[in-house]
Number of protein chains: 2
Amino acid sequence: MDSQNPKKIRPLLEPEALDRIDRAILVALQQNARLTNKELAARVGLAESSCHERVKRLVAGGVVRGFHAEVDPRALGVGLQALVAVRLARQTNAAVVSFRQAMLALNEAIAVFHVAGANDFLVQVAVRDSDELRDLILRAITARPEVVHVETSLIYEHARNAGFGAP
Amino acid sequence: MDSQNPKKIRPLLEPEALDRIDRAILVALQQNARLTNKELAARVGLAESSCHERVKRLVAGGVVRGFHAEVDPRALGVGLQALVAVRLARQTNAAVVSFRQAMLALNEAIAVFHVAGANDFLVQVAVRDSDELRDLILRAITARPEVVHVETSLIYEHARNAGFGAP
DNA sequence: ATTGAAACATACAAGAG
DNA sequence: CTCTTGTATGTTTCAAT
């Protein structure tokens, strides 16, 4: 980890810290990304033009990575969710990359965590029922040669924190 | 679990299945919730007014739960994320509810999974550094009387699946 | 359900205080 | 940062199909 040998020249985002208003904007847009600039400006106590500028800066600077609609999985007929903990035989780069890609290629996968700990991956999946879950795990996970251990936990509830980054 | 004693009368969402166009709308809005209605209509091959109606229906019917901005945690100075697996002493309703609420009250918590398996909860947290992580866990999790076991996994990467519900 | 067009609102850019 | 002006763009309603 030599500072003279930077492996990744990352965009460095924002050297200047985000002020109180920026944070208020981020909190508001996390809760409702479809707020009009007008409403947003009123909430954070700014003129519309200033607010508009700030939002543009936050998006352009990569502070805001995107805007996403949250869809109820039950509406898509997949009311059963699970977290599948996976341990690989060896944590080589090739194994990690190929497993990760395979998981993201699954329509049933909602999110993939690559972690350091007892397991290597946690894959959040949504399926119709337990039959589909079993089938998915056997077909798409257990069957992979790099996988040596799988442990499944049904998800009762998945709550997101509304105001992340508030104070 | 008597069917004559339903604990929750849930909205029942949509009895009618979502058609191909609805799904296309959902996929598009998951990837970019800030698509203009105009662009969205063009993508799914509908007139603006029809598309607008459908989106309204999907939101009103609870199929779309909300629109959220995704914020880069590094921009907020919290570049270290972890998944904290927690086991409770007893899985009573009181213990589960109070632990859940306590976790969601933490600004460091991004998401809380209540699961069935070896553990009872998985809490996704974002902190500045490992010192803050240790402090958070000791102060807000381990210290709780209902908690009997905690296991922390650092998150190397958290990838979201773009087109959930595609086919 | 879907449509096109009118009526309304907003976003966005640029310049001045 | 705020205010303003201006224009382009987008949203929303509605009668008709």
Side-chain angles (χ1 to χ4, degrees), chain A residues 11-72 74-77 163 165-167, chain B residues 11-72 75-77 162-163 165-167:
Chain A
L12 211 5
L13 288 167
E14 301 292 283
E16 339 82 47
L18 306 172
D19 64 15
R20 213 164 278 104
I21 296 178
D22 283 322
R23 290 172 184 270
I25 290 174
L26 293 176
V27 169
L29 289 181
Q30 271 180 291
Q31 290 170 348
N32 181 8
R34 282 211 154 178
L35 273 178
T36 63
N37 182 60
K38 205 180 182 179
E39 277 183 37
L40 182 59
R43 282 203 202 182
V44 303
L46 235 58
E48 295 175 27
S49 52
S50 318
C51 184
H52 185 247
E53 273 253 0
R54 281 186 185 243
V55 173
K56 267 205 323 190
R57 271 199 29 239
L58 291 170
V59 173
V63 176
V64 174
R65 281 181 168 163
F67 302 91
H68 309 285
E70 186 190 356
V71 176
D72 188 339
R74 286 176 299 180
L76 295 167
Chain B
L12 211 2
L13 287 167
E14 300 291 281
E16 338 83 45
L18 306 172
D19 64 15
R20 211 164 279 103
I21 296 179
D22 284 321
R23 287 172 186 272
I25 290 174
L26 293 176
V27 169
L29 289 182
Q30 270 181 291
Q31 290 170 349
N32 181 8
R34 281 212 155 177
L35 272 180
T36 64
N37 181 60
K38 205 179 181 179
E39 277 184 37
L40 182 58
R43 284 201 200 181
V44 304
L46 237 59
E48 295 174 27
S49 46
S50 319
C51 184
H52 185 248
E53 273 254 356
R54 281 190 184 241
V55 173
K56 268 204 319 191
R57 269 196 33 240
L58 291 170
V59 173
V63 176
V64 173
R65 283 183 168 160
F67 301 91
H68 308 285
E70 186 190 356
V71 176
D72 188 339
L76 295 169

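These figures come from a predicted structure and were not determined experimentally. Letters A, B, ... are given to chains in the order of the sequence lines, protein chains preceding strands, and every chain is numbered from 1.
- Qualifying side-chain hydrogen bond (donor to acceptor under 3.5 Å, both in side chains) partners for B:R54, counting only residues two or more places apart in sequence or in other chains: B:D19, B:D22.
- Scored by the side-chain hydrogen bond (donor to acceptor under 3.5 Å, both in side chains) test, A:E53 finds no partners at all (sequence neighbours excluded).
- Taking the P atom of each, D:dT12 and C:dC12 are spaced 15 Å apart, rounded to whole Å.
- Between the side chain of A:H68 and the backbone N or O of B:Q30, at least one donor-acceptor pair lies under 3.5 Å.
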Atom pairs, protein N/O to nucleotides 12-15 of chain C N/O, distance under 3.5 Å:
unit_1	atom_1	unit_2	atom_2	d
C:dC12	OP2	A:H52	NE2	2.8
C:dC12	O5'	A:H52	NE2	3.1
C:dA13	OP2	A:K56	NZ	2.9

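- Screening residues 59-68 of chain A for salt bridge (Lys or Arg N to Asp or Glu O under 4.0 Å) gives A:R65-B:D72 as the qualifying pairs, with residues at least two apart or on separate chains.
- On the nucleic acid side, DNA chain D contacts chain A at distances under 4.0 Å to non-hydrogen atoms, with the end points of that region at D:dC1 to D:dC3.
- Within 4.0 Å (heavy atoms only), B:T36 reaches sugar-phosphate atoms of the nucleic acid but no base atom.
- Residues B:A69 and A:V64 come closest through the heavy atom pair CB-CG1, 4.2 Å.
- Checked against side chain to side chain contact (heavy atoms under 4.5 Å, CB included), A:S49 has the following partners two or more places apart in sequence or in another chain: A:A47.
- Of the residues in residues 39-47 of chain B, B:L46, B:A47 come within less than 4.0 Å of DNA chain C through at least one heavy atom, sorted by number.
- The distance from atom CG of B:L18 to atom CD1 of B:I25, rounded to the nearest 0.5 Å, is 10.0 Å.
- A straight line from CD1 of B:I21 to P of C:dA1 spans 12 Å, rounded to a whole angstrom.
- Between C:dT2 and B:R54, a contact under 4.0 Å exists linking OP1 or OP2 to a side-chain N or O.
- With sequence neighbours excluded, the residues satisfying side chain to side chain contact (heavy atoms under 4.5 Å, CB included) with A:V27 are A:Q31, A:A166.
- Ranked by how close their nearest DNA chain C nucleotide is to the 5' end, B:D19 and A:K38 are led by B:D19.
- Within the 4.5 Å cutoff, side-chain heavy atoms of B:L26 are placed close to those of A:L76.
- Listed by chain and number, the residues in a side chain to side chain contact (heavy atoms under 4.5 Å, CB included) with A:A33 are A:F67, B:F67 (sequence neighbours excluded).
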Pairs under 3.5 angstrom only: tabulate donor-acceptor contacts from the side chains of residues 35-43 of chain A to other protein residues two or more places apart or in another chain.
unit_1	atom_1	unit_2	atom_2	d
A:T36	OG1	A:E39	N	3.1
A:N37	OD1	A:H52	N	3.3
A:N37	ND2	A:E48	O	3.1

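- Stem regions for DNA chain D, each three or more consecutive Watson-Crick or G-U pairs with both distances under 3.5 Å and listed by first number, read C:1-7 with D:11-17, C:9-11 with D:7-9, C:13-17 with D:1-5.
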